[in-house]
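Order of listing sets the numbers, starting from 1, for every ligand and every atom in it.
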Amino acid sequence: MKITILRNNREVLDTKYEEIDTNDGIYDDVHSVRNALISLGYKVKELVVDEEIKILKKLKTDLVFNLCDDFLDPMKEAVVPLVLQQKNIKYTGSGSSSLLITANKYLAKLKFLQSNIPTPNFQLFINSNQRLRSDLKFPLIVKPNNEHGSIGITARAVVKNEEELYKRIRFIMKEKCNALVEEYIDGKEITVVLIGKKNPMVLPVSEIVFKGFENKPKIMSYEAKWVKDDFAYQQTFRKTPADITKAEEKEIIKQCKKAYKAIGCKGYGRVDLRLKNGIPYILEVNPNPDLSEDAALSNIARESGMTYNDLIKKIIDLAIKE
Ligand SMILES: Nc1ncnc2c1ncn2[C@@H]1O[C@H](COP(=O)(O)OP(=O)(O)OP(=O)(O)O)[C@@H](O)[C@H]1O
Ligand SMILES: [Mg+2]
């Protein structure tokens with residue numbers, strides 16, 4: 001069977017906000033998946049999709065392993081499965097509408113509300129003159145509405161008063177992005193991996209432990225995720241299974257399944273949430289999350305007894321069954 005790994009050109013990315021450019025490792029997922037496919041005995045080809053996506057018109061293959069991520073225009077990511085579907089080519093991961101909804105955090109949160117899924121109270125700012133709604137209580141967190149990978153999220157994203165809030169909103173808007181303002185949930189950081197479609201398999205609930213943060217906000221900031229020599233990167237640790245009660249686990253799994261379904265995910269996905277007073281506040285659902293060998297998803301899969309190859313095989317089998 002011939003599998004084509006689809007990826008886009010990611011070097012073209014500009015560094016946004018005040019982030020340090022961490023261009024190393026940007027193709028880790030591609031390398032990990034390619035090695036796994038070869039060792040599983042598949043014939044593997046790699047195809048680079050440009051911003052135009054024209055190249056897909058000529059594509060002939062048995063299956064696409066879709067690793068497109070981080071186009072300059074986030075909407076492009078959603079076009080790829082759409083084109084593949086039109087060509088009747090099977091592909092791994094989620095379809096176009098899930099990718100489209102989650103490229104816009106505000107839209108995804110409206111979906112959660114529709115399905116009665118707990119999510120932090122929020123307000124979308126499309127200009128910096130908007131008044132803060134009186135029902136939103138400080139501390140708040142300000143995030144770019146259309147980013148991922150914690151771009152634009154540093155310790156300064158957590159704000160305690162209106163002065164800090166509007167300063168941060170203006171900061172986000174400098175990159176021509178709307179600002180999503182949410183109540184800051186001072187709770188446990190939880191990650192849940194789901195694999196499948198209608199009745200997805202849920203891997204062990206995992207948490208991130210923040211060591212020695214004292215007065216710093218305990219968040220998975222840009223630094224905590226990507227900047228290896230930063231305090232936040234070095235002092236955040238994954239713990240699987242999470243230190244939670246049976247009742248909390250049950251509620252987390254219930255809400256994560258609802259959220260995965262509300263976004264219409266298939267294949268594999270990762271839900272990020274904050275647990276406080278027994279309530280799992282869903283932050284976001286990530287369809288087609290990072291599949292590098294050392295990414296959260298792969299680590300959690302390993303904790304549940306799956307090898308990396310098992311995980312990749314499972315994702316392929318699901319795509320074939322579609
Ligand atoms: N309302 C909130 N309360 C507390 N912490 C939050 C809240 N929103 C975001 N965070 C923190 O910021 C991190 C990043 O937020 P979020 O997952 O929404 O952004 P992202 O850029 O889409 O992340 P990624 O795509 O890498 O998963 C969260 O993992 C969490 O630590
Ligand atoms: Mg996240």
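Atom 3 (N) of ligand 1 has its closest protein heavy atom at Ile185 N, 2.9 Å. Given atom 17 (O) of ligand 1, the protein heavy atom at minimum distance is Glu284 OE2, 2.8 Å. Looking at atom 25 (O) of ligand 1, its nearest protein heavy atom turns out to be Gly149 N, 2.9 Å. What sits closest to atom 21 (O) of ligand 1 on the protein, heavy atoms only, is Ser150 N, 2.6 Å.
Residue Lys218 has no N or O atom closer than 3.5 Å to an N or O atom of ligand 1. Geometrically, ligand 1 and Ile141 share no nitrogen or oxygen pair separated by less than 3.5 Å.
The contact set between ligand 1 and Ile153, taken as ligand atoms under 4.0 Å from a residue heavy atom, comprises 14 (C), 15 (O), 19 (O). Distances below 4.0 Å separate heavy atoms of Tyr184 from the following atoms of ligand 1: 3 (N), 4 (C), 5 (N). Numbered from 1 in the order shown, with element, the atoms of ligand 1 that lie under 4.0 Å from a heavy atom of Asp272 read 17 (O), 27 (O). The Pro120 neighbourhood of ligand 1 comprises atoms 1 (N), with distances under 4.0 Å to a heavy atom of that residue. The atoms of ligand 1 that sit less than 4.0 Å from any heavy atom of Ile219 are 5 (N), 11 (C), 31 (O). Atoms of ligand 1 lying under 4.0 Å from at least one heavy atom of Glu182, given by number and element, are 1 (N), 2 (C), 7 (C), 8 (N).
Looking at Pro139 and Val159, their side chains never come closer than 4.5 Å, going by heavy atoms from C-beta outward. Taking the side chain as every heavy atom from C-beta outward, Lys2 and Tyr42 never approach each other to under 4.5 Å. Within the 4.5 Å cutoff, no side-chain heavy atoms of Ser150 are placed close to those of Ser221. For the pair Glu46/Thr4, no side-chain contact is recorded, criterion being any heavy-atom separation below 4.5 Å from C-beta on.
Between the side chain of Glu189 and the backbone N or O of Glu207 there is no donor-acceptor pair closer than 3.5 Å. A donor-acceptor pair under 3.5 Å is formed between the side chain of Trp226 and the backbone N or O of Gly149.
Aromatic pair Phe231/Phe213: centroids less than 6.0 angstrom apart.
Taking each of Glu189, Lys105, Lys143, Lys225 in turn, the one with a heavy atom nearest to atom 19 (O) of ligand 1 proves to be Lys105. The heavy atom nearest to atom 13 (C) of ligand 1, considering only His148, Met220, Arg274, is found in Met220.
The residues Lys228 and Asp230 are annotated as not salt-bridged, no charged nitrogen and carboxylate oxygen being separated by less than 4.0 angstrom.
By the rule that hydrophobic residues join a cluster once side-chain heavy atoms approach within less than 4.5 Å of another member, Ile253 and Val285 end up as members of one cluster.
Glu284 contributes OE2 and Asp272 contributes OD2; the angle these two atoms make at the Mg ion (ligand 2) is 90°, rounded to 10°.
Judged by a 6.0 Å distance limit and a 45° cone about the ring axis, Arg10 is not positioned over the six-membered ring of Tyr27.
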